[in-house]
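Right, one structure below, let's go through it.
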Amino acid sequence: QVQLVESGGGLVQAGGSLRLSCAASGSISSINAMGWYSQAPGKQRELVATITQDGVTNYADSVKGRFSISRDNSKNTVYLQMNSLKPEDTAVYYCNAHVWVRSPYSLRHYWGQGTQVTVSS
């Protein structure tokens, strides 16, 4: 099947930066949209940013101008550059991908295991 492995989370002071990565591997034919979602303690998981295969991006209002999503289709990898971090950005960040798997050929939805981002004030 397909696995999504995230990396790059950690502890950073307010105003700092982090770069998250998520690499997809397995029985992949191609990947449609990829994205990042966040889930703070006691809250629902919510969209942070998405990117299509062609590079069209979409951001939550709360991160516009601070976060940037990108992808490397040759590596099946999506990135999230997080700048000017705020304490309210503290959450577990999950990678998401819509993947055309090889056998049987079908479109499936996958999540990564999550990576913790903690922003101290």
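Nothing fancy with the numbering, it's 1 onward along the sequence.
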(message) Do Val101 and Ile28 make a side-chain contact, defined as non-hydrogen atoms from C-beta onward lying under 4.5 Å apart?
(response) no
(request) Is it possible for you to say whether Val92 and Val12 belong to one hydrophobic cluster, with membership spreading through side-chain heavy-atom contacts below 4.5 Å? (result) no
(request) Quick one: pull up CD in Gln3 and OG in Ser25 and give me the separation to the nearest 0.5 Å. (result) 4.5 Å
(message) Working to the nearest 0.5 angstrom, can you tell me the gap between Cys95 SG and Leu20 CG?
(response) 9.5 Å
(message) Return the CD to CD distance between Gln116 and Gln39, rounded to the nearest 0.5 Å.
(response) 11.0 Å
(request) Would you mind reporting whether Arg45 and Ser38 have side-chain heavy atoms less than 4.5 Å apart? (result) no
(request) Apply side-chain contact (heavy atoms from CB on, under 4.5 Å) to the pair Ile31 and Trp100, showing each step before the final yes or no. (result) CA-CA 6 Å; Ile31 303 177; Trp100 284 100; over 6 Å; no
(message) Both conditions, 6.0 Å and 45 degrees, for the charged tip of Arg71 above the ring of Tyr79: are they met here?
(response) no
(message) Assess the residue pair Gln113 and Glu6 against the criterion (side-chain contact (heavy atoms from CB on, under 4.5 Å)); give the C-alpha distance rounded to whole Å, side-chain angles, the decisive distance to 0.1 Å, and a yes or no.
(response) CA-CA 7 Å; Gln113 81 284 358; Glu6 298 130 337; 3.1 Å; yes
(message) Between Leu107 and Tyr105, is there shared hydrophobic-cluster membership here, with clusters defined by ILVMFWY side-chain heavy atoms closer than 4.5 Å?
(response) yes
(message) Is it the case that the ring center of Trp111 lies less than 6.0 angstrom away from the ring center of Tyr37?
(response) yes
(message) Tell me whether the rings of His109 and His98 are parallel (<30°), tilted (30 to 60°) or perpendicular (>60°).
(response) parallel
(request) Kindly give the heavy-atom pair with the smallest separation between Val117 and Gly9, and that separation in Å. (result) CG2-CA, 4.2 Å
(request) For the residue pair Thr52 and Asp54, confirm or rule out a side-chain donor-acceptor distance under 3.5 Å. (result) no
(message) Donor-acceptor check, side chain of Tyr59 to backbone of Ile69, threshold 3.5 angstrom: yes or no?
(response) yes
(request) Please tell me if the side chains of Ile51 and Val56 come closer than 4.5 Å, counting only heavy atoms from C-beta onward. (result) no
(message) Regarding Lys64 and Asp61, does a basic nitrogen lie under 4.0 Å from an acidic carboxylate oxygen?
(response) yes
(message) Ignoring hydrogens and geometry beyond distance, is a side-chain donor-acceptor pair present between Gln1 and Tyr110 at under 3.5 Å?
(response) yes
(message) Which heavy atom of Arg66 sits nearest to which heavy atom of Asp89, and what is that distance?
(response) NH1-OD2, 2.8 Å
(message) To the nearest 0.5 Å, what is the distance between CE on Met34 and SG on Cys22?
(response) 5.0 Å
(message) What verdict does the side-chain contact (heavy atoms from CB on, under 4.5 Å) test give for Gln53 and Asn73, after you've listed the backbone C-alpha separation in whole Å, the side-chain angles of each residue and the deciding distance to 0.1 Å?
(response) CA-CA 8 Å; Gln53 191 175 40; Asn73 291 333; 4.2 Å; yes
(message) Nearest 0.5 Å, please: how far is OG in Ser121 from CD in Gln13?
(response) 9.5 Å
(message) Under a plain distance cut-off of 3.5 Å, with no hydrogens placed, do Ser17 and Asn83 share a side-chain donor-acceptor pair?
(response) yes
(request) Could you tell me the separation between the CZ atom of Phe67 and the OG1 atom of Thr57, rounded to the nearest 0.5 Å? (result) 14.0 Å
(message) So Asn96 and Tyr94, do their side chains get closer than 4.5 Å, heavy atoms only?
(response) no
(message) Under a 3.5 Å threshold, yes or no: a donor from one side chain and an acceptor from the other, between Glu88 and Thr90?
(response) no
(request) Please name the pair of heavy atoms, one in Arg108 and one in Ser106, separated by the smallest distance, quoted to 0.1 Å. (result) NE-OG, 3.1 Å
